[in-house]
2 protein chains.
Amino acid sequence: MRPTVHDIAAAAGVSLATVDRVLNRRPGVRHVTREKVETAIRELGYIRDVAAANLAKGRTYPLVFILPASDNSFMHGLNAEIRQAILRSPAERTDIRTIEVPAFDPAALVSVLEGLSREKPCGIAMVATDAPDVRAAVDRLVRERFPIVTLVSDLTGSLRHHYAGVDNIAAGRTAARLLGRFLGARKGEIAVLAGSMLVRDHRERLEGFTSVMAEEFPDLAILPVLEGRDDPEVAHRLVADALGNAGIIGVYSLGAGNRGLVRALKEKAVDRTLTVIAHELTAHTRAALIDNTIDAILNQDAGHEVRSAIRVLKAKADGLAVIDAQERIRLDIFLKDNLP
Amino acid sequence: MRPTVHDIAAAAGVSLATVDRVLNRRPGVRHVTREKVETAIRELGYIRDVAAANLAKGRTYPLVFILPASDNSFMHGLNAEIRQAILRSPAERTDIRTIEVPAFDPAALVSVLEGLSREKPCGIAMVATDAPDVRAAVDRLVRERFPIVTLVSDLTGSLRHHYAGVDNIAAGRTAARLLGRFLGARKGEIAVLAGSMLVRDHRERLEGFTSVMAEEFPDLAILPVLEGRDDPEVAHRLVADALGNAGIIGVYSLGAGNRGLVRALKEKAVDRTLTVIAHELTAHTRAALIDNTIDAILNQDAGHEVRSAIRVLKAKADGLAVIDAQERIRLDIFLKDNLP
DNA sequence: GTTTTTTTGATTTACGTACATCAAATTTGG
DNA sequence: CCAAATTTGATGTACGTAAATCAAAAAAAC
């Protein structure tokens, strides 16, 4: 049988109350006594029964998710996954609240973060906007012992405990290699459609993409980036215009707004064999992959990201270890054959 | 606050004991009373606190993993992941035992399964060998209310509750499309290295591969399958021989034993531009991907499979729902850029 | 050595559920 | 209508931990 607090007390020759004081870092224990207890804990291999502890504490996990108010399929999906998680709240003892902040607005994000230090959630998940002020606010909260994970978009250089999202540089590199290999020995130009270069994940994807293109596919020239602001209408216009250029043989869409991209491709490129790689599996991109308008989709699974963020925050709140391999968010590559 | 059994008792106007009888399907409750309680449960939205229930029951989950005694990297990896899970046992209240059976030996597997119905584990995970006897044995255990999940290799047509593994037909199709697209417009022959056509997952991968090749890449001819028995030495000999054929421009290795494949490629194909797709990310295939000997690796994550199997078995044992999207084992596609 | 402070022990209640026991109430059969 | 059988209630203990109280013991300060 697994040892309990009683066994520890007996082994250390102290009372239950003292063991409790040590376990829960309560004051009033002499150093030598604390050592005795800790030795007993180590020797018996005691592990606190988290379920029993949470029961006794009546613990719940108030969590806050901070999301940008962006109107695109991916963010809608992310929201939906958080709602699913809220439905599971009773069973998971979580109490999840979402806060929407204007997208790409560091000041707004900072003020929300500052408000949180009064509210005392036991964990914060946030889609980070990359700015020095935000980094400072996050670091401050971490120092106040709030568990924080970044979601989808990271805040490198900050003290956040974990990042629940894909490696966007790797994603861009992968897109480049797929596109390059699919195009074989052909020469030509590549159009790149992004949302905005103000967003870190988009910048990173582009960075990864261009570096592999430059290193390994010198016959493919990358045209100036089209910034579609994740808006289908804007994306449509930009892509439609760009396709006037007959030298384009490939397209990489690294942001959202793919509905517009697909429409432009169907209107302007029926007679051409374009190779197209896009991000995020949505109803539109899925249909386009199936009808061969798109050749491959790179995806991050919003459901996994949300569940992982919750697991990590709970573990941090309890001071427990996380299974790193389990929490790595993988880059999904979908061809028409392995769609879920 | 979440309603408790006390609230249910009060709402239904019965005693705690009666609520308990209803909740735990104990006898001695009149039909009308049972209805009253069930109504109260529904109306208050009562959900049993599984942690408290397990605490009270002193519940553990004795689980059995049945694995083939195969000596290849993938099975070693799977074993390692199960050992990891065993290390987590105290925290997860599991009690995991593994049983090795001779590979590809339905009779041995059946006799192990029959032995289990006496041992009463609360769940069984097994790498299935595809045979009618096995199917029958599994169905028998399912009828005796044992939760059963198949691992890595499925047993379609049986009553198993869940399959923790990838869709191998989709994997084969994906391999074909990747290979076809990478080869572009080139014509030539494709060598296929398998472990054994007696294993269902290998048969399915081949089936998916050949069907996409036939449909979409008619210029590529598939040579007769080389059966390497997942053995590096055999694989090396077969591939080295096959590479005497100068018409070969691509290789698909759908089984294990890739160490031999890689060695053969390095010896015989230095001067040629072969496109190679292999299964399972191991130290050898990873190195080969990085040095461009292999172009893409398809992988199933053994850690995810094991953890998913455990989660599903526990949920089934408790009669709880599983999050389907979370338990879908995805096919990983690795290029050298998105290696973990 | 006495007082003050700090440390430790003993004990109790609580969390939400499971499960057992025994008595009381109700229903059923004859 | 009575006896037997069934159903229900009341109650207590247990699971492993948290957290509180108050008394007792030990250590530190004077």
Side-chain angles (χ1 to χ4, degrees), chain A residues 1-41 44-61 89-93 95 122 317-320, chain B residues 1-41 44-61 89-93 95 122 317-320:
Chain A
M1 269 315 274
R2 222 174 123 165
T4 72
V5 276
H6 294 86
D7 302 322
I8 303 300
V14 301
S15 76
L16 224 55
T18 302
V19 175
D20 182 66
R21 287 177 185 119
V22 172
L23 279 175
N24 296 294
R25 297 172 164 59
R26 270 186 264 279
V29 182
R30 246 193 320 169
H31 187 67
V32 282
T33 316
R34 164 158 281 135
E35 298 255 284
K36 271 199 299 186
V37 174
E38 278 165 355
T39 306
I41 289 176
L44 297 190
Y46 168 80
I47 303 167
R48 184 205 239 97
D49 184 326
V50 184
N54 286 346
L55 176 60
K57 276 193 281 213
R59 189 176 200 354
T60 56
Y61 300 84
S89 275
E92 298 179 349
R93 308 187 95 83
D95 176 15
C122 83
D318 289 336
L320 298 176
Chain B
M1 271 314 274
R2 217 173 128 168
T4 73
V5 276
H6 294 85
D7 302 321
I8 303 300
V14 301
S15 75
L16 223 56
T18 302
V19 175
D20 181 67
R21 286 175 187 122
V22 172
L23 279 175
N24 295 295
R25 295 172 166 56
R26 273 186 262 278
V29 182
R30 247 189 324 163
H31 187 67
V32 281
T33 315
R34 165 159 277 135
E35 297 256 285
K36 270 199 298 186
V37 174
E38 278 165 354
T39 306
I41 289 176
L44 296 191
Y46 169 80
I47 302 166
R48 187 197 305 256
D49 183 326
V50 184
N54 286 347
L55 176 61
K57 277 193 282 214
R59 188 171 197 358
T60 58
Y61 300 83
S89 275
E92 298 179 348
R93 308 188 95 83
D95 176 15
C122 82
D318 288 335
L320 297 177

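Below, read A as the first sequence line, B as the second, and so on, with proteins coming before strands; counting in each chain starts at 1.
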Before you tell me yes or no, could you show the steps for Ile8(B) and Leu44(B) under side-chain contact (heavy atoms from CB on, under 4.5 Å), namely the whole-Å CA-CA distance, both residues' side-chain angles and the distance that decides it to 0.1 Å? CA-CA 7 Å; Ile8(B) 303 300; Leu44(B) 296 191; 3.8 Å; yes
With side chains defined as the heavy atoms from C-beta onward, is the minimum distance between [X] and [Y] less than 4.5 Å?
X	Y	result
Lys57(A)	Asn54(A)	yes
Arg2(A)	Asp49(A)	yes
Val19(B)	Val22(B)	no

Separation of atom CZ in Arg59(B) from atom C1' in dG16(C), rounded to whole Å: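 About 17 Å, once rounded to whole Å.
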Please report the distance, rounded to the nearest Å, between CZ in Arg26(A) and C1' in dT6(C).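 So the two atoms are 17 Å apart, to the nearest Å.
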Taking the six-membered ring of Tyr46(A), is the NZ or CZ of Arg48(A) close enough (under 6.0 Å from the centre) and on axis enough (within 45°)?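 Here Arg48(A) fails the 6.0 Å and 45° test against Tyr46(A).
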Could you list the protein-to-nucleotides 7-17 of chain D atom pairs, N/O on both sides, closer than 3.5 Å?
from, atom 1, to, atom 2, distance (Å)
dT8(D), OP1, Arg30(B), NE, 3.3
dT8(D), OP1, Thr33(B), OG1, 2.0
dT8(D), OP2, Arg30(B), N, 2.5
dG9(D), OP2, Ser15(B), N, 2.8
dG9(D), OP2, Ser15(B), OG, 3.2
dG9(D), OP2, Thr18(B), OG1, 2.6
dG9(D), N7, Arg21(B), NH1, 3.4
dG9(D), O6, Arg21(B), NH2, 2.9
dC15(D), O2, Ala56(B), N, 3.1
dG16(D), N2, Ala52(A), O, 3.3
dT17(D), OP1, Tyr46(A), OH, 2.7
dT17(D), OP1, Asp49(A), N, 3.3
dT17(D), OP2, Val5(A), N, 2.9

